[in-house]
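First the proteins, then the strands, lettered A, B, ... as listed; each starts at 1.
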Protein chains: 4
Amino acid sequence: MSTKNKANDPKDLSFTEKARRAQIVQCAIETIAEVGYAQASIGQIAKRANVSKGVITYHFASKDDLLEEVVAAYAIAAEAFIRPVVANAVGPKERLRKYMEANLAFIAEHRKMVFAVVEIAAGMRTKEGKLRFSADADESIYQPIEEILYAGAEAGCFRAFTPLSARVTALAIRHAIDGFSLELMRTPDLSVKEYMEELISIFERAVK
Amino acid sequence: MSTKNKANDPKDLSFTEKARRAQIVQCAIETIAEVGYAQASIGQIAKRANVSKGVITYHFASKDDLLEEVVAAYAIAAEAFIRPVVANAVGPKERLRKYMEANLAFIAEHRKMVFAVVEIAAGMRTKEGKLRFSADADESIYQPIEEILYAGAEAGCFRAFTPLSARVTALAIRHAIDGFSLELMRTPDLSVKEYMEELISIFERAVK
Amino acid sequence: MSTKNKANDPKDLSFTEKARRAQIVQCAIETIAEVGYAQASIGQIAKRANVSKGVITYHFASKDDLLEEVVAAYAIAAEAFIRPVVANAVGPKERLRKYMEANLAFIAEHRKMVFAVVEIAAGMRTKEGKLRFSADADESIYQPIEEILYAGAEAGCFRAFTPLSARVTALAIRHAIDGFSLELMRTPDLSVKEYMEELISIFERAVK
Amino acid sequence: MSTKNKANDPKDLSFTEKARRAQIVQCAIETIAEVGYAQASIGQIAKRANVSKGVITYHFASKDDLLEEVVAAYAIAAEAFIRPVVANAVGPKERLRKYMEANLAFIAEHRKMVFAVVEIAAGMRTKEGKLRFSADADESIYQPIEEILYAGAEAGCFRAFTPLSARVTALAIRHAIDGFSLELMRTPDLSVKEYMEELISIFERAVK
DNA sequence: AATGAATGAGCGTTCATTCAT
DNA sequence: TATGAATGAACGCTCATTCAT
């Protein structure tokens with residue numbers, strides 16, 4: 001209604017308000033992707049958006065609020081992109097393949113956003129110096145992979161997995177996927193298709 | 001001797017000078033590992049070293065100079081730790097195993113230093129916003145792994161590798177190793193031995 | 001009618017316009033009384049009034065304009081409350097008593113408004129840094145008291161007063177009255193009746 | 001030693017450091033006295049001191065820290081000025097007179113400092129909007145006066161006092177003294193001597 | 001060799017004000 | 001009438017860097 005806490009409930013936001021926020025989020029993503037988390041000041045972001053700094057603090061309660069919205073936008077987009085692909089896969093082996101394919105394709109198609117989120121996750125800290133995005137990662141990130149591994153072991157198409165080996169394998173897969181984002185930044189004209197096939201092939205061997 | 005650019009040639013440095021620099025580098029590592037790249041100000045580092053801020057800018061031309069020394073110290077230490085282990089390994093398979101073992105062991109034993117370097121590599125940028133440590137990575141980082149892979153293929157103990165598949169495999173191995181550092185930060189009491197065996201087992205399958 | 005300077009002449013204002021202004025003035029009083037002059041932003045006041053910030057700058061030419069209206073509202077209310085009481089008093093002694101009674105009663109009954117005005121008077125400055133409300137105080141504030149003192153001296157019920165002693169006595173009385181507002185803020189459940197009697201008794205002795 | 005918390009213990013401060021702080025405190029006093037609490041920004045104070053803003057945040061942990069030092073400097077100076085005068089007075093009547101004389105003389109001689117402290121006390125708030133300097137006032141401010149009044153009543157040279165009448169009398173005396181500071185600001189060439197005699201005479205009557 | 005003092009640019013944030021709708 | 005959007009200046013504060021001693 002009046003002055004603050006715009007984002008209490010996204011449904012409270014007007015259409016134009018949502019559009020403005022989305023635009024600023026996009027500029028934040030591009031700025032972070034280009035100059036990194038540490039250098040991505042509100043001033044820089046505002047400059048890219050061709051608005052005054054005040055606009056950003058008008059639409060977002062704080063810089064952290066904006067960065068959290070970037071991460072939230074990523075989470076929603078990734079979820080919407082990846083989940084249906086994996087859900088439609090038949091059998092553990094295809095599921096693993098599709099999981100990797102979908103993740104790599106998402107990264108390739110949203111590389112700036114992903115890179116920005118990686119930067120935020122690596123750079124954003126609480127007042128006590130702890131990483132803002134990290135601890136909660138375990139369950140939501142690694143569990144889906146582990147589930148596929150266990151299912152494959154049970155179905156006989158993968159090797160047997162102990163809790164530890166499943167976790168380490170999931171970590172290796174996840175880090176390979178996340179590393180793809182870095183490679184894409186370093187080498188923008190990477191052949192996504194080929195890279196994807198190689199990576200899948202590597203981990204198909206690894207779980208057999 | 002004069003006023004600036006102490007580090008032109010390390011041999012110009014007196015013994016005490018070198019000790020002072022090493023002490024400051026160590027404090028920088030600890031500070032960065034604890035509070036992250038962005039919050040690790042010269043003031044923070046000086047406080048940890050129980051010296052004045054001026055001492056740091058006296059011994060280092062700039063903050064970037066100090067951070068580069070941290071990275072250099074890491075590179076030297078890692079090199080000294082890993083190279084002989086790998087060099088003494090007989091045959092590609094053992095070489096790959098030793099490479100991974102040595103890397104993981106080094107990370108486990110120097111986790112703060114490694115984490116600091118990861119932070120610096122992720123956060124430090126040139127004035128134009130480009131990552132300071134990344135471009136040169138290819139050759140020095142991935143090449144040794146690729147060499148092992150090619151040697152293994154030639155010897156018949158690994159599968160055949162194309163340039164692409166060798167590169168992607170090297171990336172996956174490297175990212176798995178780097179990811180281990182993150183895991184250690186998240187879970188300090190990780191069983192390094194077990195983790196190591198699992199990771200080696202994964203990539204031994206992957207290259208077969 | 002046009003765009004600016006709504007308040008040129010109060011008679012130009014429509015009924016609803018006046019009501020709106022009064023409502024905003026009331027919210028300004030409450031905000032200032034609660035958080036103080038410095039923290040009482042237009043945004044805060046608007047939030048309390050459940051309107052947008054724009055409403056305030058629509059109805060008032062500026063923030064200063066609003067604050068001046070607060071002071072004006074106080075002046076009118078105080079005048080309306082105090083003057084008839086004093087006018088109806090018979091003789092200097094009763095007049096002095098009624099003057100103090102009426103002032104203290106007004107403060108007790110309108111403590112938020114009075115406190116807000118005290119805050120404004122203390123905090124509001126011209127662009128050059130001079131106090132906005134102070135210079136004109138002399139005549140309108142101290143003169144009525146001095147008149148009572150002179151009348152009492154002439155009538156023989158008070159002691160003799162020189163211009164200086166009348167002025168200083170008036171100041172002491174006025175500061176004691178103004179200080180009552182501060183005490184009320186500190187100690188909201190002060191016994192107004194008792195305080196009043198004591199204060200009157202003090203100054204009845206002082207002028208005898 | 002290193003970076004922060006200069007003021008932990010005043011004895012830790014070097015001579016030059018103390019001098020610098022005193023100079024900045026003095027500039028803060030003058031700035032506040034001239035443009036008021038709200039407009040007295042660090043930038044303004046720095047400008048008056050002909051130094052950069054950074055100097056102030058170098059010597060003081062925060063703006064609040066500086067303002068508290070202003071108040072502390074006032075408290076120490078007032079104490080040193082007033083206490084011995086009162087302590088040397090013989091008998092309640094002389095003690096009351098000396099108390100007022102010393103207070104008024106101190107205000108007259110340190111008018112800017114006193115006015116600055118009045119501004120700070122009126123303007124400085126906690127994060128919750130409560131006045132920063134006020135609650136603790138009771139005991140340290142009013143008690144000395146009340147003690148004199150009780151002593152005078154017991155000695156028979158003053159009238160009898162109830163707790164309430166003593167408190168209200170103390171308040172009236174204190175507000176008259178504080179009000180003197182405002183009068184001095186309004187009328188800088190006030191005759192302090194005469195004003196003082198009148199005020200003393202008023203309250204000597206009031207307590208008889 | 002080391003320090004403390006100072007600087008100046010930049011940060012995130014607040015806020016009175018303007019203005020199109 | 002009223003609003004939400006936007007602006008731009010100022011704020012307190014941090015920090016890498018410079019420099020006299």
Side-chain angles (χ1 to χ4, degrees), chain A residues 1-4 6 13-14 16-17 19-20 38-46 49-66, chain B residues 3-4 6 14 16-17 20 38-46 51-66, chain C residues 3-4 6 14 16-17 20 38-46 51-66, chain D residues 1-4 6 13-14 16-17 19-20 38-46 49-66:
Chain A
M1 287 290 127
S2 54
T3 329
K4 283 269 160 111
K6 303 275 188 177
L13 301 175
S14 73
T16 38
E17 168 77 5
R20 202 57 161 143
Q39 277 84 337
S41 67
I42 283 193
Q44 288 280 319
I45 296 167
N50 263 106
V51 295
S52 72
K53 276 199 305 178
V55 173
I56 291 175
T57 42
Y58 174 72
H59 289 285
F60 295 89
S62 67
K63 189 187 182 186
D64 282 10
D65 188 32
L66 167 57
Chain B
T3 357
K4 291 258 161 132
K6 300 276 186 179
S14 73
T16 44
E17 168 79 7
R20 224 0 170 191
Q39 277 85 336
S41 66
I42 284 192
Q44 289 274 321
I45 295 166
V51 296
S52 74
K53 275 199 309 179
V55 173
I56 291 177
T57 43
Y58 174 74
H59 288 285
F60 295 90
S62 68
K63 188 186 184 186
D64 283 10
D65 187 30
L66 167 58
Chain C
T3 357
K4 293 259 161 133
K6 299 277 185 180
S14 74
T16 45
E17 168 78 8
R20 220 6 167 192
Q39 277 86 334
S41 67
I42 283 193
Q44 289 273 323
I45 295 167
V51 296
S52 73
K53 273 199 311 178
V55 172
I56 290 177
T57 43
Y58 173 73
H59 288 284
F60 295 89
S62 69
K63 189 187 182 186
D64 283 9
D65 187 29
L66 167 57
Chain D
M1 289 288 128
S2 55
T3 328
K4 285 268 159 107
K6 301 275 187 179
L13 300 176
S14 73
T16 39
E17 169 76 6
R20 203 56 161 143
Q39 276 85 336
S41 67
I42 283 192
Q44 288 280 322
I45 295 167
N50 262 106
V51 295
S52 72
K53 277 198 305 177
V55 172
I56 290 175
T57 43
Y58 173 74
H59 289 284
F60 295 89
S62 67
K63 189 187 182 185
D64 282 11
D65 188 31
L66 167 57

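Closest of all the heavy-atom pairs between B:Asp65 and B:Ala61 is OD2-N, 3.0 Å. Taking every heavy atom of both residues into account, D:Lys63 and D:Ser41 meet most closely at NZ-CA, 4.1 Å. In this structure, B:His59 and B:Arg20 approach most closely via the heavy-atom pair NE2-CG, 3.2 Å.
The CD1 atom of C:Ile56 sits 17 Å away from the P atom of F:dT1 (whole-angstrom rounding). D:Tyr58 has its OH atom 16 Å from the C1' atom of E:dG8, to the nearest Å. Taking atom CG of A:Asn50 as the reference point, atom C1' of F:dA5 lies 16 Å away to the nearest angstrom. Put simply, CD on C:Glu17 is 12 Å from C1' on F:dA2, counting in whole angstrom units. Here the C1' atom of nucleotide E:dA1 and the CZ atom of B:Phe60 are 14 Å apart, to the nearest Å.
For C:Arg20 and F:dA2, the shortest distance from a side-chain N or O to OP1 or OP2 is below 4.0 Å. Residue D:Ser14 places no side-chain N or O under 4.0 Å from the OP1 or OP2 atom of E:dT3. Residue D:His59 places at least one side-chain N or O closer than 4.0 Å to OP1 or OP2 of E:dA6.
Nucleic acid contact for D:Ser62: sugar-phosphate only, since backbone atoms but no base atoms lie under 4.0 Å from a heavy atom of the residue.
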- Check step by step if side chain to side chain contact (heavy atoms under 4.5 Å, CB included) holds for A:Ile45 and A:Leu66. CA-CA 11 Å; A:Ile45 296 167; A:Leu66 167 57; 4.2 Å; yes

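For the pair B:Asp64 and C:Thr16, both in contact range of DNA chain F, the more 5′-proximal nearest nucleotide belongs to C:Thr16.
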Nucleotide N/O to protein N/O under 3.5 Å, stretch nucleotides 8-11 of chain F:
unit_1: F:dC11; atom_1: OP1; unit_2: D:Ser41; atom_2: OG; d: 2.9

- Read 5' to 3' with Watson-Crick or G-U pairs under 3.5 Å, [ ] for crossing pairs and | for partners on another strand, DNA chain E gives .||||||||||||||||||||

